[in-house]
There are 2 protein chains.
Amino acid sequence: MSLLKDRGRSAVSRSGVIYRGLRQAISDHALLPGDKLPEDTIGERFGASRTLVREALMRLKAEGLVDMQPNRGAAVARPSLDEARHIFAARACLEREVMATLAVSITPRQLAALEAQVEKERDADGKDGLESIRFAGAFHVLLAEMSGNRVVARYVDELVSRCALIIALYGQPHASDCAVSEHRSIIEALRERNGAQAAKLMAHHLGEVEGRALLAQPSRRPDIGDILGRYALRRPRPATGAKAASESPEAGRENRRR
Amino acid sequence: MSLLKDRGRSAVSRSGVIYRGLRQAISDHALLPGDKLPEDTIGERFGASRTLVREALMRLKAEGLVDMQPNRGAAVARPSLDEARHIFAARACLEREVMATLAVSITPRQLAALEAQVEKERDADGKDGLESIRFAGAFHVLLAEMSGNRVVARYVDELVSRCALIIALYGQPHASDCAVSEHRSIIEALRERNGAQAAKLMAHHLGEVEGRALLAQPSRRPDIGDILGRYALRRPRPATGAKAASESPEAGRENRRR
DNA sequence: ACACGAGTTTTCGTATACAAATACGTCTCA
DNA sequence: TGAGACGTATTTGTATACGAAAACTCGTGT
């Protein structure tokens with residue numbers, strides 16, 4: 001109990017580190033929907049007590065990234081198909097607003113930043129799936145932040161993260177969820193200050209993303225094995241390897257909240 | 001009604017009780033923006049330990065209803081004017097979406113429920129200021145829930161609560177924030193399944209609310225004293241001897257923050 | 001073989017303990 | 001009188017303790 005673990009007293013709250021770590025892991029599909037998140041394990045991994053882990057988990061729960069059930073702990077959320085549609089609808093609604101605002105207020109500097117972002121997307125496209133996913137959302141979050149409306153930006157950020165869950169659950173293995181070309185044309189519309197066009201393009205773009213994420217999916221059952229494989233690889237939890245058979249039925253019923 | 005609030009466990013999670021209690025107090029303007037929320041005091045009052053109080057506070061923080069600063073605890077949030085505008089913009093955006101959805105999907109039963117709600121508003125109007133405020137937001141939350149989009153409903157609920165803060169901070173003492181007649185015409189537009197009209201009415205309605213809450217306000221700076229007066233009245237803090245002089249320095253500090 | 005139970009282990013819910021940070025009040029010294 | 005120094009009381013941050021609810025284990029009876 002005399003262990004002095006604290007080095008520099010960083011301004012960043014310790015639970016914030018855990019929060020960001022988990023959030024990133026979820027966004028990166030390193031943690032997959034349904035993955036259990038035991039407080040002890042996480043605390044161990046991050047060198048913190050359950051108190052802080054709980055803080056982080058509750059924050060993630062508030063954002064809809066994890067589910068917590070009374071006495072059985074936290075798990076990465078598994079949004080139902082309905083929920084997924086609701087999320088896309090909300091995104092469309094908010095991002096339309098962002099377009100309308102930005103078409104009026106956007107500056108050359110911001111346009112340049114957007115282009116730089118798309119450039120990063122292009123570089124990662126097809127090469128690094130992980131980076132690709134990461135950048136995909138970043139473009140939308142960047143747009144929302146540029147709109148200057150913090151409230152909207154927070155919601156967009158939240159929804160974009162949740163889309164990562166949806167894609168992990170229902171999307172093709174390597175579906176790039178955002179097309180670079182679509183992002184480019186959105187930037188063009190903004191440059192011309194054509195808000196209506198930008199809004200239309202964004203709506204179309206999100207429709208495409210939703211289509212790739214949801215419509216393509218119902219047929220894809222076999223993938224579950226793949227998913228569990230990756231899961232087992234990532235989590236050095238030895239014994240449960242053979243459970244794929246018992247897991248698949250419930251995975252098929254994506255509406256089931258386990 | 002239970003659609004949103006279900007975060008609190010059916011087994012009445014104890015922190016949920018605290019959460020709802022505080023939330024209600026804030027919505028009712030029983031707690032005013034800037035009011036300090038010490039963990040011990042709250043825990044005592046609710047018969048729970050700080051652990052649970054913290055849970056509740058963090059939830060409220062996630063919703064933007066309280067601010068927490070590193071080592072100096074929680075306080076009811078004081079949204080800036082900019083933030084207030086952002087909140088109204090987000091509301092307008094989301095509630096427009098709600099109108100569009102509802103114009104298509106609304107049922108006679110739902111229309112009846114809305115009318116019942118407005119009836120309650122009318123009864124309370126002018127009579128009981130507290131109930132009036134409470135019902136004002138409820139109408140909007142009810143609409144959002146009826147839209148079936150849980151995600152949007154959660155956001156609207158959050159934003160409506162935050163509007164209570166804004167009205168407390170910037171609004172006239174007894175400004176009824178929602179006009180019953182405006183709610184009525186919205187219902188009519190929905191009954192006729194005229195989505196465009198409903199959206200337009202809602203936008204106008206929110207514009208009115210925002211106007212009453214904000215535009216009326218910029219000139220009204222001296223009001224801060226008024227606000228603090230109400231604050232002092234409401235909090236039976238005996239020790240300070242109700243010294244106006246002793247309150248004013250802290251008033252200056254609070255004021256600075258915005 | 002299978003279903004079922006008792007005991008054990010894990011994980012959660014909540015209170016409490018204690019250190020660090022802050023706020024408060026007092027005393028001293030110009 | 002006023003400004004700082006210093007000690008004390010409050011309040012927060014985090015870990016830990018402990019009972020209780022699940023999950024798991026394994027042995028038993030049919």
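All of these numbers come straight from a predicted model, not from anything done at the bench. All values below were derived from every heavy atom in this structure, side-chain atoms included, with hydrogens, water molecules and symmetry-related copies excluded. Naming convention: chains lettered A, B, ... in sequence-line order (proteins, then strands); numbering from 1 in each chain.
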Whole angstrom value for the distance that separates P of D/dT14 from CE of B/Met68: 11 Å

When the distance from CG of A/Asn71 to C1' of C/dT11 is rounded to whole Å, what number comes out? 9 Å

Send over the distance from B/Glu39 CD to C/dT22 P, rounded to a whole Å. 15 Å

In whole Å, what is the span from the NZ atom of B/Lys36 to the P atom of C/dC24? 11 Å

Ignoring the backbone of B/Arg50, work out which of C/dC12, C/dA15, D/dT14 is nearest its side chain. D/dT14

Given atom CG of B/Asp40 and atom C1' of C/dT16, what is their separation to the nearest angstrom? 12 Å

Atom pair distance, as rounded to whole Å: CD in A/Glu44 and C1' in D/dT16: 15 Å

Using atom CD of A/Gln69 as one end and atom P of D/dA20 as the other, report the distance to the nearest whole Å. 23 Å

Selection from D/dA15, C/dA15, D/dA22 that lies nearest to any side-chain heavy atom of B/Ala48: C/dA15

Looking at residues at least two apart in the chain, or sitting in another chain, which of them share a side-chain contact (heavy atoms from CB on, under 4.5 Å) with A/Arg154? A/Glu158, B/Glu158, B/Arg162

B/Arg14 side chain: which of D/dA21, C/dT22, C/dA15 is closest? C/dA15

Return whichever of B/Thr51 or B/Leu37 has its heavy-atom-nearest nucleotide of DNA chain D closer to the 5' end. B/Leu37

Nearest to the side chain of A/Pro38, which nucleotide is it out of D/dT12, C/dC12, C/dT16? C/dC12

Salt-bridge present (A/Asp28, A/Arg134; N to O < 4.0 Å): yes

Are the charged groups of A/Glu210 and A/Arg91 less than 4.0 angstrom apart, N to O? no

B/Leu52 has an atom CG; how far is it from atom P of C/dT16, in whole Å? 11 Å

So, A/Asp157 side chain and A/Val141 main chain: donor-acceptor pair closer than 3.5 Å or not? no

